[in-house]
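Structure record follows, encoded as structure tokens.
Whatever order the structure lists them in is the order used to number ligands and atoms, beginning at 1. Treat the numbers as computed from the prediction; the structure is a model and nothing was measured. Residue numbers run from 1 in the order of the sequence given.
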Amino acid sequence: MKKPQLGQTPRVLFDEEAIRRRVDELARQISADYAGKGEVLLVGVLRGAFLFLADLCRRLTIPSRVDFIAVSSYGDKTVSSGTVRLLLDLRGDIRGRHVLIVEDIVDTGSTLAYLHHMLGLRDPASLKTCTLLHKAKADAKGTPVDYIGFEIEDDWVVGYGLDYADLYRTLPYIGVLQVNG
Ligand code: IMP
Ligand code: MG
């Protein structure tokens with residue numbers, strides 16, 4: 001993918017209302033699936049998933065806790081390096097817990113595959129994955145993606161937690177950056 005130019009206003013893809021509706025639906029589905037199983041541990045992937053996780057967790061009707069993990073693979077580029085680096089690990093032990101990984105977006109799938117493998121080795125009672133956005137070309141390398149908010153094209157999207165070179169993260173909507181050239 002070519003580099004988006006900075007300084008542009010993203011084209012709106014999902015506005016606040018569309019995001020709210022979809023997060024409501026996901027929360028209902030997740031609450032129903034986990035009902036009666038006890039507590040779910042939501043593992044937010046920093047930094048992109050912070051707003052999605054904040055909205056999602058407040059709409060769940062099941063008992064939940066929150067922890068965070070941080071990984072890096074892009075730097076200031078829009079092409080995945082393919083190598084995922086752990087920047088910050090979870091605070092707590094996940095053995096015997098129902099763990100739900102909460103991601104902002106699955107692009108190449110490297111990040112989710114890495115996290116799913118790593119957390120799976122820690123003996124959770126169950127391990128599922130949830131992403132707000134999923135690129136149609138994504139290949140999660142065999143990793144199951146259990147909950148998907150929206151399927152999108154192979155564009156660079158920003159806002160609602162997602163960034164480009166650490167910009168646009170605090171926009172309330174999700175937009176597409178235009179790529180020149
Ligand atoms: P993957 O490992 O290629 O699936 O990429 C996963 C991570 O890259 C996501 O968790 C995002 O943080 C980031 N990412 C991938 N595509 C986009 C995008 O279109 N906009 C913003 N961040 C993205
Ligand atoms: Mg992410």
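- When atom types are taken as modelled, the side chain of R169 and the backbone of G161 share a donor-acceptor pair closer than 3.5 angstrom.
- Scored by the salt bridge (charged side-chain N to carboxylate O under 4.0 Å, His left out) test, R97 finds E39 as partners (sequence neighbours excluded).
- Ligand 1 lies nowhere less than 4.0 angstrom from a heavy atom belonging to G48.
- Checking V176, V157, T131, D107 against atom 20 (N) of ligand 1, the nearest heavy atom belongs to V157.
- Between atom 10 (O) of ligand 1 and the options T111, L133, T108, D104, the minimum heavy-atom separation is to D104.
- In summary, E17 and R21 engage in a salt bridge, as defined by a charged side-chain N under 4.0 Å from a carboxylate O.
- Of all the heavy atoms of V84, none lies under 4.0 Å from any atom of ligand 1, so neither backbone nor side chain is involved.
- Not close to ligand 1: V45, with no non-hydrogen atom less than 4.0 angstrom away.
- Heavy-atom proximity to D155, at under 4.0 Å, picks out these atoms of ligand 1: 19 (O).
- For R65, the CZ atom sits in a loose shell: 12 or fewer heavy atoms of surrounding residues, nucleotides or ligands are nearer than 6.0 Å.
- For ligand 1 and E103, the ligand atoms under 4.0 Å from any heavy atom of the residue are 10 (O).
- Looking at K137 and D107, a side-chain N of the basic residue comes within less than 4.0 Å of a carboxylate O on the acidic one, giving a salt bridge.
- Using cut-offs of 30° and 60° on the angle between ring planes, the pair Y34 and H98 is perpendicular.
- Judged as a salt bridge (charged side-chain N to carboxylate O under 4.0 Å, His left out), and not counting sequence neighbours, D67 has no contacts.
- For V158, the closest heavy-atom approach to ligand 1 does not fall below 4.0 Å.
- Which parts of ligand 1 touch G109 is read off a 4.0 Å heavy-atom cut-off, strictly below it: atoms 1 (P), 3 (O), 4 (O).
- Looking at E25 and R22, a side-chain N of the basic residue comes within less than 4.0 Å of a carboxylate O on the acidic one, giving a salt bridge.
- Distances below 4.0 Å separate heavy atoms of K135 from the following atoms of ligand 1: 16 (N), 17 (C), 18 (C), 19 (O).
- Near L162, the atoms of ligand 1 lying under 4.0 angstrom from a non-hydrogen atom of the residue are 20 (N), 21 (C), 22 (N).
- Taking a 4.0 Å cut-off on heavy atoms, L112 fails to register as neighbouring ligand 1.
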